[in-house]
Amino acid sequence: MRSAFEGHKASGPKGDKEDIPETSHPPSFEAPLRPKRQQVARACDSCRMHRIKCDNNVPCKNCITRGEQCINKSPGERRTLPQAYREIDRLKQKVKELEEQLEKERSRPSPSFALTPPGTSDSSPTPDSISAPLVVTRGGQQVWGGVMSSTGQSPQKSWYGPSSLFYYINRMNTYLSAVFQQLHPDDLIQLKSVAKTFATPDCNPTDDDEKGDVKDVSQTVSNEAYLTPTQEEYFLNLYWQSYHPTLAILDETEFRKHYRSLATKPGTPRKPSPLVDIIIAVSMQVGLAMAQRHSSRALPATEVGKDDPSIAGRLYYRRCQRLLYNEQEAPSLMTVQCHILSAIYTCYAAFQNMSHIALSLAVRSAQMLGLHTEPPSDLPTATQDLHRRVWWSLYAFESKTCMKLGRPFYTDPDSTSCGLPAHNQQAASLAGSDFALLDENTTWLTYTLYNTNLLLSARKVHTAFYDKYSDFYSGNIGRVIYDDPAALERYAEFLSASMKPFDDWVGSVPDGLKIKREHGGQSLSTDRSPIVVEQFVPPWLQRQRLLLELLYHILRLNLYRPFICFPSIATESPPLGNMCLSHAASAAEHSIAVTHIFHHVVKNTDLLVGFHEAFQWQWNAALTLAGYLFAYPTSSIAAPVRESIDFSIVVFEDFGRSFGTSLGAAAVMRDLAVKIDFLTEWLRGSNPPATGPTGAPSAQDATATVTATAADQFATETTAIVPSTNDIPLAQEPFAGSMNMAYSVDNSGDLDMLWPPIGNMPDQWWFHPQPPAGHNGVNGVGAGFPG
């Protein structure tokens, strides 16, 4: 009050000047007050480059005059003195930690890099640079542990289980570090996602003293910050054609009534609604990605900032969360719907842990409403069907997320008594949307039922598989099951016998939900036959078919992927069994199927533009293919796997026209392809090693060939370039930091580059002149080695 009052006096009438002593400022020497110069928060990139004054408009006047693009690519720069001091303190602490780590590494003896599964050897890379899987026991029995990894802006690590892509990358990291032994500083090769640039979807600084008071959510906001009613209508209509047919948790008719009830007098913004806000937010992610695809503006591949389509709609998301805060004690059906859509929004923006938390809130709120039980019979039929669809859509989404992250489930099948949702013509007519009937027994709601049944089948197999770990591995040999090939083979046989729910589901899918194949190929198979995208079929139906088949392949490859085993360099072990090798090949085959479908779709249609989950599935499949070739470079299916990696690069480049993270994924796969080719050519050199029973070179001999050939080829060049192992301060792994790349609600949240780009080959690749100590021949690259 005092400052406001004094300000008022300073600008008051001339009579106020009587309080000022005349001797201090003689009238004859008084100069007129200069108007305060207008300040801008930050000049645009073009004005800063030309060192000229910018204004607050977007685009600014200078850019309009010069015909240039008006952008600002430095969202996270520290602007105040307290922020600068905190940043300096943080950097000092980081330098101190790195110096301590460096001193610790220098004091260590030169490691032999004998490769065993992650965390099983004292000579493994340090925990500071690679997170070793945890060895866990429960009731005296072995439990398959996970890994700790940082996937956001904060260095705080999160836990991911053995079914996750993070765990798989950790195993690749350990293997490649032991084989190639080279420095790969993360700060030189990291690619940024929004989650890596900002701590929250707000895209604001995280310091407490920089956060303003939270505005009352009922306050009217300026039209510059939020969309006009016409723009809102565009994105709401986009939702009904994009998300709604594959996420039937809303009654379109009832929602439109709700939206009309929010209207105020003409010329004023509508009343806030958390449901409307979050629908607009997720629709803007899709809509802005579509617009970016046809824009001349190129997205940066090295940093994803505020202007990336993956974070579009964040103002609506933020207001939705503020409104939901007031509903925690008394949740409604709308509360559950908002939490589900919030989980989708944060997942697609690469905030994976926030997405998982939103799902937990959705599950608990649904249970508070009793949605997990059969709806009361006194409710209207349409409401009962909606309750079932909401619960089972949530159950399927939560199951998919927990399986891909390797974390425990929130939902409990034993406490669920709610019946599966109806999908007949009566249910479709009562659902509030007007979509065409497919045939007598198939409607637009049929997808919801079969998507739910698919995830129920996958969860059944997943739970049985991981719950039986201790039955097959006792811990008497090594620390994880990869130390015991005999146990691993028995485990593979158990998985094979457990896959029947998938086969039953495939046989039940109606033809209306299957993608047709050329040359008489079979749908939902890995026969590599090209798909047929039919003409004159509504986009919503084509998208249903695509997403259903892609999800099927992703779920199966995730279950088979643990059996992709990486060679042991220094220890001799029995060869892997045929079932283990078969499962590894199956993981690759399903990854090939995913990649071929994506390649055909992105080259011929726009059906998946803006669908971020589709990008995550392709990323999951692409890394699975890369790991398979590192483990089995001379496999009988190596050629189609390598071709599919090239296809994945095309897919990522196409997705990169819509959001920046995908451009980083394309760069990662290009580098991986070079390394794979480099390794394969050495293995096919003029002096091939002895072969195992499958025709593949033995693990130790293959590694010896690589290291010896590299030493002969680059001995002269690397002498002056590569320091001895004793002089290397920190052996950082090729995949260090790449644990953040896993994506399928697979996370693309942080696409750290696996290797720096190849320039001068000897500068980037070097090996020890001699194979590691303890080298003994043993059958099987891809045939007999622990992974």
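The residues of the chain are indexed from 1 along the displayed sequence.
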Novice: In sequence, state the C-alpha distance, the side-chain angles, and the governing distance for H356 and R407, and then conclude on side-chain contact (heavy atoms from CB on, under 4.5 Å).
Specialist: CA-CA 10 Å; H356 206 191; R407 294 173 180 170; 3.1 Å; yes
Novice: Do you see a donor-acceptor pair shorter than 3.5 Å between the side chains of Y167 and W144?
Specialist: yes
Novice: One pair to check against side-chain contact (heavy atoms from CB on, under 4.5 Å): R270 and V276. What are the steps and the verdict?
Specialist: CA-CA 10 Å; R270 63 168 173 83; V276 174; 3.4 Å; yes
Novice: Below 6.0 angstrom between ring centroids: does that apply to H387 and W392?
Specialist: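 No; W392 has its ring centre 6.0 Å or more from that of H387.
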Novice: For the pair W505 and Y552, evaluate ring-ring contact (aromatic ring centres under 6.0 Å, His included) and give the outcome as yes or no after the intermediate values.
Specialist: CA-CA 10 Å; W505 178 85; Y552 165 76; 5.7 Å; yes
Novice: Would you call the rings of Y491 and F494 parallel, tilted or perpendicular, taking 30° and 60° as the class edges?
Specialist: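 Parallel, since the angle between the ring planes stays under 30°.
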Novice: Check this for me, if you would: do K500 and D504 make a salt bridge, where the nitrogen-to-carboxylate-oxygen distance has to be below 4.0 angstrom?
Specialist: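 A salt bridge is present here (some side-chain N lies under 4.0 Å from a carboxylate O).
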Novice: To the nearest 0.5 Å, tell me how far T228 OG1 sits from E233 CD.
Specialist: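 Interatomic distance, T228 OG1 to E233 CD, rounded to 0.5 Å: 10.0 Å.
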Novice: Looking at Y226, I'd like to know if the NZ or CZ of R319 sits under 6.0 Å from its six-membered ring centre while staying within 45 degrees of the ring's axis.
Specialist: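 Output yes; distance and angle both within limits.
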Novice: Parallel, tilted or perpendicular, judged at 30° and 60°: which one describes the rings of F615 and F659?
Specialist: perpendicular
Novice: With a 6.0 Å cut-off on the ring centroids, do F611 and Y348 count as close?
Specialist: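 No, the ring centres sit 6.0 Å or more apart.
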Novice: Could you give me the CA-CA distance, side-chain angles and deciding distance for V602 and L608, then say whether side-chain contact (heavy atoms from CB on, under 4.5 Å) is met?
Specialist: CA-CA 7 Å; V602 302; L608 297 180; 5.7 Å; no
Novice: Taking NZ, NE, NH1 and NH2 as the nitrogens, is one of them in R556 or D503 under 4.0 Å from a carboxylate oxygen of the other?
Specialist: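 Yes.
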Novice: Assess, by modelled atom type and distance only, whether the side chains of S658 and Q292 contain a donor and an acceptor separated by less than 3.5 Å.
Specialist: no
Novice: I'd like to know if the side chain of T448 pairs up with that of R389 as donor and acceptor (distance under 3.5 Å, no hydrogens or angles considered).
Specialist: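 R389 and T448 do not have a side-chain donor-acceptor pair below 3.5 Å.
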Novice: Looking only at non-hydrogen atoms, find the nearest pair between L262 and P272 and report the distance.
Specialist: CD2-O, 4.4 Å
Novice: Tell me yes or no: between the side chains of R459 and T411, is some donor less than 3.5 Å from an acceptor?
Specialist: yes
Novice: Could you check if a side-chain atom of E549 sits within less than 4.5 angstrom of a side-chain atom of K514, using non-hydrogen atoms only?
Specialist: no
Novice: Quick one about E252 and S433 (side-chain donor to acceptor, distance below 3.5 Å, no hydrogens or angles considered), yes or no?
Specialist: yes
